[in-house]
2 protein chains.
Amino acid sequence: MLNQLDDVFHALADPSRRAIVERLAEGEASVSELARPLPMSLPAVIQHLQVLEASGLVSSTKAGRVRTCRLDLDALDRAQSWFQARRADWNQRLDRLGEYLGGAQGTAANEHRAASTERQAPSRKH
Amino acid sequence: MLNQLDDVFHALADPSRRAIVERLAEGEASVSELARPLPMSLPAVIQHLQVLEASGLVSSTKAGRVRTCRLDLDALDRAQSWFQARRADWNQRLDRLGEYLGGAQGTAANEHRAASTERQAPSRKH
DNA sequence: TGATTAGTTAAGTGAGTGCTTAACCAATTG
DNA sequence: CAATTGGTTAAGCACTCACTTAACTAATCA
């Protein structure tokens with residue numbers, strides 16, 4: 001269960017898979033709907049979907065002969081929070097640096113500090 | 001220049017490279033400082049650094065015989081904004097869905113809407 | 001000066017990726 | 001029923017990846 005981050009980032013490193021995720025961010029879709037805009041065979045798309053499912057970004061259910069795919073927003077948020085953690089580290093270092101340089105507000109270090117340190121709200125109450 | 005996203009996500013898909021980025025988020029470091037905690041040969045680390053530099057996440061300069069590496073926070077922010085765009089799509093869809101269902105506030109659709117749609121502040125003034 | 005330290009280049013290897021085509025199954029339609 | 005539609009599996013292939021060892025350069029130190 002640990003380092004799904006490997007799988008998530010690997011999944012997103014492919015432009016076709018990102019296109020699928022972008023499509024699913026606008027709503028559910030069947031396998032062939034997802035395949036239609038992509039310049040490759042159906043089996044290739046299914047393989048991409050398997051990668052996305054393995055990463056946890058996408059889930060799907062089959063009804064009759066059509067499989068419906070949907071995005072797992074929580075998985076997306078979990079990946080995003082890695083970036084936020086890096087930015088938090090960065091800001092913390094700048095804060096310490098600014099303090100060390102003897103300044104209150106308005107020091108050179110604090111000039112470069114960016115705003116968004118806050119975590120996003122949880123996407124589900126459940 | 002387009003789809004640096006491929007390169008950035010590919011770079012971050014490797015745990016050793018993420019470890020390097022995490023280290024650099026706390027401040028600059030030399031090649032051997034970055035290599036020390038990693039269970040692999042120095043050339044392997046250098047190859048990872050080349051991947052990170054090619055992605056734009058890391059830059060470096062050489063002074064004497066030591067190369068100092070640093071994180072490019074802007075590149076990190078650019079990658080993060082892809083996630084924010086997906087969440088924005090998602091929320092927009094939920095909004096439309098909620099509207100369609102005839103509700104104002106408090107509809108089932110709006111219940112699931114998460115907070116962070118805003119873009120982060122630019123990290124540099126320039 | 002010669003030894004050490006910091007980093008780099010080159011070549012090779014085994015495992016994994018992103019596709020393909022061909023064959024196939026199972027639900028739905030005429 | 002047979003034909004079509006939606007999806008799946010399997011095998012193969014060119015390419016890339018994450019390492020390795022060995023050999024090397026250049027800056028600094030004793």
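Here the structure is a predicted model, which is why all the values come from computation and not from measurement. Quick note on labels: first sequence line is chain A, next is B, and so on, each numbered from 1.
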Q. So which nucleotide from D:dA18, D:dT20, D:dT8 ends up closest to the side chain of B:S41?
A. D:dT20
**Q.** Candidate nucleotides C:dC19, C:dA6, D:dG7, ranked by approach to the side chain of A:A44 - the nearest
**A.** C:dC19
Taking only N and O in the side chain of [X], is any of them less than 4.0 Å away from OP1 or OP2 of [N]?
| X | N | result |
| --- | --- | --- |
| A:Q50 | D:dT9 | yes |
| A:S32 | D:dG6 | no |
| B:R17 | D:dA18 | yes |
| A:R65 | D:dT4 | no |

Can you measure [X] atom [atom1] to [N] atom [atom2] for me and round it to whole angstrom units?
| X | N | atom1 | atom2 | result |
| --- | --- | --- | --- | --- |
| A:D6 | D:dC17 | CG | P | 16 Å |
| B:L42 | D:dC19 | CG | C1' | 13 Å |
| A:R36 | D:dT5 | CZ | P | 13 Å |
| B:I46 | D:dT21 | CD1 | P | 15 Å |
| A:H10 | D:dC17 | NE2 | P | 10 Å |
| A:D14 | C:dC19 | CG | C1' | 11 Å |
| A:L34 | D:dG6 | CG | C1' | 13 Å |
| B:L49 | C:dT9 | CG | P | 12 Å |

Q) What's the shortest heavy-atom distance between B:A19 and B:L38, and which atoms? A) CB-CD2, 4.3 Å
Q | Over all atoms of both residues, closest heavy-atom pair of A:L42 and A:A35 | A | CD2-CB, 3.8 Å
Q | First encountered from the 5' end of DNA chain C, between A:G64 and A:P39 | A | A:P39
Q: Would you kindly compare A:A13 and A:P43 by the position of their nearest DNA chain C nucleotide and give the one closer to the 5′ end?
A: A:A13
Q.
Less than 6.0 angstrom from the centroid, inside 45 degrees of the normal: does A:R86 satisfy that with respect to the ring of A:W82?
A. yes
Q.
Is it the case that the base of D:dC17 and the side chain of B:Q47 share a donor-acceptor contact (distance under 3.5 Å, atom types as modelled)?
A. no
**Q.** Lys/Arg-Asp/Glu bridge criterion (N-O < 4.0 Å) met for B:R70, B:E28
**A.** yes
Q. Parallel, tilted or perpendicular for B:F9 and A:F9, by the 30°/60° rule?
A. parallel
